[in-house]
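To find a chain, count down the sequence lines: A is the first, B the second, and so on, and within it residues start at 1.
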Amino acid sequence: MITILGGEILSALGEKEQRLKHLFEGSYKTVEKSMNLMGEELSFPYYSIDEGERNSALSIPLHYLEDAVQKAIDKCALTSEELSRCGLFVGSASNDLSLSLPLGKNYDNTQLNKVACERIGNGYYADHLTKHFGLHDFSLTYNTACTSSANALLDAASLLEGGIIDYALVIGFEMFAPISFEGFAAMQLLSPGKLVPFDRDRTGIVLGEAISALFLSRDDVVSSPWHFLGGVSSCETHSVTGANPNGEGISQVIKTALERTNITPDQICGVKAHGTASALNDLAEINGMKRVFSTSPDFFSLKPYIGHTLGSCGSSELLLMMECIDAGFLPGTPNFKNRDIELEWTPLIEKKSCTEGHFLLNYFGFGGNNTSLVIEKVSS
Amino acid sequence: MIYVHNTGSVTRKEGEELDVKAQWKTISPTMIRRTDRFIQLALLGAYQAIGETALDKDTALFMASGQGNLAVFKRLRDQRYIHKQPPKPVDFINSLSNTSGFYVAQYFDLHGKNLNVSRLGFVAEITLLLAQNDLELGKEDQVLLGGVDELQEPATFTKRTLGISDESLLGEGSNWMLLSREHEGALATIDVAKKKMDLSEVKAYLQSIDPACKVAFGFRCTEPMIREIIDGEERERFLYNEACGFYETETLYALNSFIKEGEGELLFINVYEENFRVIKVSLLPRF
Amino acid sequence: MIGSQDDALKLRLKTMIIEECEKEDITPEELADDIELFSDKSGLELDSLDALQISMGLQTQFKIRLGDSKDFRRVVTTINNLADFVQPE
């Protein structure tokens, strides 16, 4: 049995006490970020870890990563011997940072300055963290868009099960990246206002940054009331930009995840929806769930709290959900007002009491990548 | 222990030409639009391994890269910093690494797990270990595993970002293998060592295995290091690097070359920083 | 001159569309002025991603910004219609 030990998250919700207050009350904080699109100033809301301006340098994200991991280590009280048996699984869509930052400084590829001589590659951050914290040599960085850290979780569980490692550190990592921000604007996917999942008047995503660090283990090593039962990741080749709106691919991945973990749909106490508030993604997710659940389960989206944190949402939203349930509730979905007649089903608007049970987590991304995870909390 | 059923490689070294687009266009004239050279390189390599064979739809796809699609980042960088333009939607989508895997899955009609993974060193070794673990646990029945790295000009800049000497010869390649637990019809077995080793461990390991087993070394292994590991032993070396030049996923080229041209067994030894990792390949009798 | 009368402008628009949508097998001459670009009749087989690419091409090459997909559908119908929008007089 794979156990989830807990961890830490840096996001727009702040420290744990503040974060739980937001999740309990259904409140959140955004900042305005502007971009210059062909001479035109545009402004969009954004969920920022902090409000200060940052330099764009490769070393900046490292400070945040080290901070999140150190806090997670402290919280789980892991020793250096235990860390040496801990593999690392980093999920991130932002190769933007590790690739474009050093490239961006070398417009013509000729200035062989200090940054240029540093290694470039998506494995940059994992390599640093393994050395810095003395982790086990097994590390991989996952780049599967919005399912990155959800897929990292699945493989962490698999390596733990195979006995190659005894602990796993899963990191969801997404920080503000200009090309990504402008890319989503060019795709016309950014909401100019609020992020309103599953609402009739939803207008698109609001991006956010989050770094989560989560430790997993096996029950023969460390027990925990939280169990990672498993899940499924699959690829739907309908369209490069997302799932089939008829819900075919999504229902398949949810169904298989439940089958493989021997859980029936009526055992699910709550669904953490992907809930991006983009017109087609929400439609696809509801259509997918309708093919599996005969009546609407309690479902909610965490994106109105921390934004769409892309590759980070896998572990970040899992951690937030665990913190809510540990505090005795399933969170409501802020901003929701109007039922969409095409969707019919509506998310939890108000928080709901919940302390244990089986839960489903959905993640869908570009490249047709769909992932569903099943976890449980037992009474401790 | 896992079994290799198909292999396929596309590779070239610095100074040679490889018109990926023209080659891919003869295979799939419709999948040219929106795919860039990196994606086409992935497709072309996978095609060498699979061809027109229909794979089980649940086959997992693990694509590894040391560098990722750097070319698309250079395009996005130039659009942003030089031309002051926002990213073109197609480039933006292609900058999400798993887009390459999407097109490979679409071409071969695969609906299973589709991963894009990277690592600074040992990317092929660790991805093979991941596949071996998933197959052994029964999480997957079959894995199409590939490594893709594209040569970036100017070469001097790339060599420095890769941490290799200016005199080294760069290469690029797309190397794929179809792996499963099924023995029937397999070309070879692969056994990926689960742990890293230090120099003395790798020496001891090499001495412990059959003297007939050949040995090959990754590009980062220097000749003095190789002499130290072999330690005067009379062991035949499998030399594959003449054809390929350096790229992060060249391990897969070495293994594929041995499976295609070699005989008996091979121990592939690679180094990154102070650590070694080894993979053993045993060819199976062909009937 | 109104755009639909300006052959040079229409050629530039056609070239831009073919380039942005990577329709290498179609020449600008083959693209008729009065065919709905996003219909089956155009032979272009365009989708929503092509619309975004064209939108970007209009912005970078013609300094025309179409705010959202509604604006786009109103303006980018036929080459003639698009040319008139780009160059109203």
Side-chain angles (χ1 to χ4, degrees), chain A residues 35-39 93 95-96 99-100 102-104 106-107 109-110 112 116-124 126-127 137-145 151 154-155 158-159 161-162 164 178-180 182-187 232-237 240-241 249 252 365-369, chain B residues 34 61 65-68 70 73-74 76-78 80-82 84-89 92-93 95-99 101-103 105-106 109-123 126-127 129-130 133-134 136-137 139 153-154 156-157 160-163 194-196 248 275:
Chain A
M35 69 172 82
N36 187 309
L37 215 63
M38 307 289 304
N95 33 26
D96 197 336
L99 298 178
S100 68
L103 290 174
N106 293 277
Y107 297 163
N109 290 334
T110 54
L112 291 167
C117 297
E118 277 180 25
R119 292 293 310 278
I120 298 176
N122 297 331
Y124 178 87
D127 189 68
D137 188 51
F138 191 103
S139 82
L140 273 178
T141 298
Y142 292 75
N143 278 118
T144 58
N151 287 335
L154 270 176
D155 279 4
S158 178
L159 268 289
E161 212 176 312
I164 293 173
I179 290 180
S180 170
E182 289 159 18
F184 277 102
M187 298 278 300
V232 170
S233 174
S234 72
C235 181
E236 193 179 2
T237 53
V240 71
T241 53
Q252 201 53 47
F366 273 26
N369 218 296
Chain B
R34 294 180 182 164
L61 178 72
S65 180
Q67 293 294 287
L70 275 183
F73 277 90
K74 287 186 176 172
L76 291 171
R77 173 202 63 188
D78 292 350
R80 182 171 204 274
Y81 293 97
I82 299 171
K84 310 281 180 207
Q85 288 174 3
K88 289 194 176 201
F92 177 60
I93 289 169
S95 78
L96 297 162
S97 311
N98 61 317
T99 304
F102 170 85
Y103 284 108
Q106 195 173 56
D109 195 21
L110 304 180
H111 298 230
K113 188 170 175 177
N114 193 326
L115 290 184
N116 185 284
V117 289
S118 51
R119 202 177 188 280
L120 284 195
F122 294 137
V123 64
I126 294 287
T127 309
L129 183 53
L130 182 75
N133 186 63
D134 272 1
E136 284 176 351
L137 290 174
K139 295 207 178 257
E153 301 286 357
T156 314
F157 176 85
R160 297 203 183 167
T161 60
L162 286 169
K194 289 181 179 160
K195 290 196 168 116
K196 65 176 183 184
E248 293 286 348
N275 300 318

- Taking A:Ser234, A:Gly249, A:Gly365, A:Gly368 one by one, which has the highest count of heavy-atom pairs under 4.5 Å against chain B? A:Ser234
- Structural part of B:Leu110 lying under 4.5 Å from a heavy atom of chain A: backbone
- Heavy-atom distance under 4.5 Å to chain B: side chain of A:Ala186, backbone, both or neither? both
- Task: Begin from the C-alpha positions of A:Asn122 and B:Ser97 and carry the test side-chain contact (heavy atoms from CB on, under 4.5 Å) through to its verdict.
- Result: CA-CA 10 Å; A:Asn122 297 331; B:Ser97 311; 3.9 Å; yes
- Query: What part of A:Glu161 gets closer than 4.5 Å to chain B, counting heavy atoms only: side chain, backbone, both or neither?
  - Reply: both
- Taking all non-hydrogen atoms of both residues into account, name the closest pair between A:Asn369 and A:Ser233 and its distance. OD1-OG, 3.5 Å
- Locate the shortest heavy-atom distance separating B:Gly101 from B:Leu61; write the atom from each residue and the value. O-CD2, 3.3 Å
- Message: Using 30° and 60° as the class boundaries, would you call the ring planes of A:Phe184 and A:Phe366 parallel, tilted or perpendicular?
- Response: tilted
- Give a yes or no answer on whether the side chain of B:Asn133 reaches the backbone of A:Ser158 with a donor-acceptor pair at less than 3.5 Å. yes
- Query: When you measure from the side chain of B:Gln106 to the backbone N and O of A:Thr237, does any donor-acceptor pair fall under 3.5 Å?
  - Reply: yes
- Message: Out of B:Gln85, B:Arg34, B:Lys88, B:His111, return the one with the most heavy atom pairs under 4.5 angstrom to chain A.
- Response: B:His111
- Message: Can you tell me which portion of B:Phe102 sits under 4.5 Å from chain A's heavy atoms? Options are side chain, backbone, both or neither.
- Response: both
- Task: Sort A:Leu140 into side chain, backbone, both or neither according to what part of it lies under 4.5 angstrom from a heavy atom of chain B.
- Result: both
- Query: Any idea which of B:Ile93, B:Thr99, B:Thr127 has the most non-hydrogen atom pairs under 4.5 angstrom with chain A?
  - Reply: B:Ile93
- Using atom types as modelled and distance alone, determine if a side-chain donor or acceptor of B:Asn275 lies under 3.5 Å from a backbone N or O of B:Lys196. no
- Pick whichever of A:Ala185, A:Ala126, A:Ala145, A:Gly367 has the most heavy-atom pairs under 4.5 Å with chain B. A:Gly367
- Message: Please classify the contact of A:Asp137 with chain B as side chain, backbone, both or neither, using a heavy-atom distance under 4.5 Å.
- Response: both
- Query: With a 4.5 angstrom heavy-atom cut-off, which part of B:Leu137 approaches chain A: side chain, backbone, both or neither?
  - Reply: side chain
- Between B:Lys139 and A:Asp155, is there a salt bridge with N-O shorter than 4.0 Å? no
